[in-house]
Amino acid sequence: MLGILLAALILLALAANITDSNIYSQTFLLVFFLMVAAGTLVNILIRRKLHVKVQAAGSHKGESAQCRVSITNRSIIPLVQASVKFTVTNTFTGEVKKTKVRMSIMPRATASVSLHIANPHCGKIHCSADKVSIFDIFGIIPIKTSAEGYSNYTVLPQLFDTVIDYQL
């Protein structure tokens, strides 16, 4: 939303500068738009070179579980900003938590982000990276990718020691 507002303000400034004779502001706006357009075209070309991997480990009820989202950039161009919409679903209770993670990825490298998820209920937890978008250098234009990943883990009940006395 902020990106759309910024683009609208810059378009208004460009429209005002067309009638102005200030060559420096016109050159600045032209370079800005060329950078956004070039970044968008590059992101369109490399969006299929991303691979998402989600890893999660089990935990006990009430404890925090670690879920790791890794994105591998197989292109030779760095990604300035990638946004991952992450969903955690407890399949037993139907509880759904959503969050968004942003990261930058160097060329031919992997970037990871760890999320700590506390689950108050037992059950099978489904962690998924549903939607990955990449942005231009200014974060204005999102390009959606087909990269997705998921992982499942189990939240076990709390364990406690029992003492059994076999006296008759």
Distance-only donor-acceptor hits, side chain of residues 80-93, under 3.5 Å, sequence neighbours excluded:
| residue | atom | partner | partner atom | Å |
| --- | --- | --- | --- | --- |
| Gln81 | OE1 | Arg102 | NH1 | 3.0 |
| Thr87 | OG1 | Asp130 | OD2 | 2.5 |
| Asn90 | OD1 | Phe92 | N | 3.0 |
| Asn90 | OD1 | Thr93 | N | 3.4 |
| Thr91 | OG1 | Lys124 | O | 2.9 |
| Thr93 | OG1 | Glu95 | N | 3.4 |

For residues 35-50, please give each side-chain donor-acceptor pair under 3.5 Å, one per line with the distance, not counting sequence neighbours.
| residue | atom | partner | partner atom | Å |
| --- | --- | --- | --- | --- |
| Thr40 | OG1 | Val36 | O | 2.8 |
| Asn43 | ND2 | Gly39 | O | 3.4 |
| Asn43 | ND2 | Phe135 | O | 2.9 |

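With rounding to the nearest 0.5 angstrom, the OG1 atom of Thr99 is 11.0 Å from the NZ atom of Lys97. Arg68 CZ to Gln66 CD: the interatomic distance, rounded to the nearest 0.5 Å, is 6.0 Å. Here the straight-line distance linking atom OG of Ser75 with atom CZ of Arg108 works out to 7.5 Å at 0.5 Å rounding. Separating the OG atom in Ser112 from the CE atom in Met103 is a distance of 7.0 Å, to the nearest 0.5 Å. Atoms CG and CE, from Asn73 and Met106 in turn, are 9.5 Å apart once rounded to the nearest 0.5 Å. Taking CD1 of Ile117 as the reference point, atom SG of Cys127 lies at 4.5 Å (rounded to 0.5 Å).
Under the side chain to side chain donor-acceptor pair (under 3.5 Å) criterion, Thr72 pairs with Thr110, sequence neighbours left out.
Tyr153 approaches Ala57 most closely through the heavy-atom pair CD1-O, 3.5 Å. Between Ala56 and Ser151 the shortest heavy-atom distance is N-OG, 3.4 Å. Taking every heavy atom of both residues into account, Val132 and Ala147 meet most closely at CG2-O, 3.5 Å.
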Legend entry - side chain to side chain contact (heavy atoms under 4.5 Å, CB included) assessment of Val54 paired with Ser128: CA-CA 7 Å; Val54 179; Ser128 62; over 6 Å; no

Inset, instruction - Evaluate side chain to side chain contact (heavy atoms under 4.5 Å, CB included) for Val101 paired with Val69, printing each intermediate quantity in order. - result: CA-CA 9 Å; Val101 177; Val69 180; 5.6 Å; no

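Hydrophobic clustering, with ILVMFWY side chains joined whenever heavy atoms are under 4.5 angstrom apart, keeps Val96 apart from Val155.
For Thr154 (side chain) and Leu156 (main-chain N/O), no donor-acceptor pair under 3.5 Å exists by modelled atom type.
The number of heavy-atom neighbours closer than 6.0 Å to CD1 of Ile76, taken from other residues, nucleotides and ligands shown, is 12 or below.
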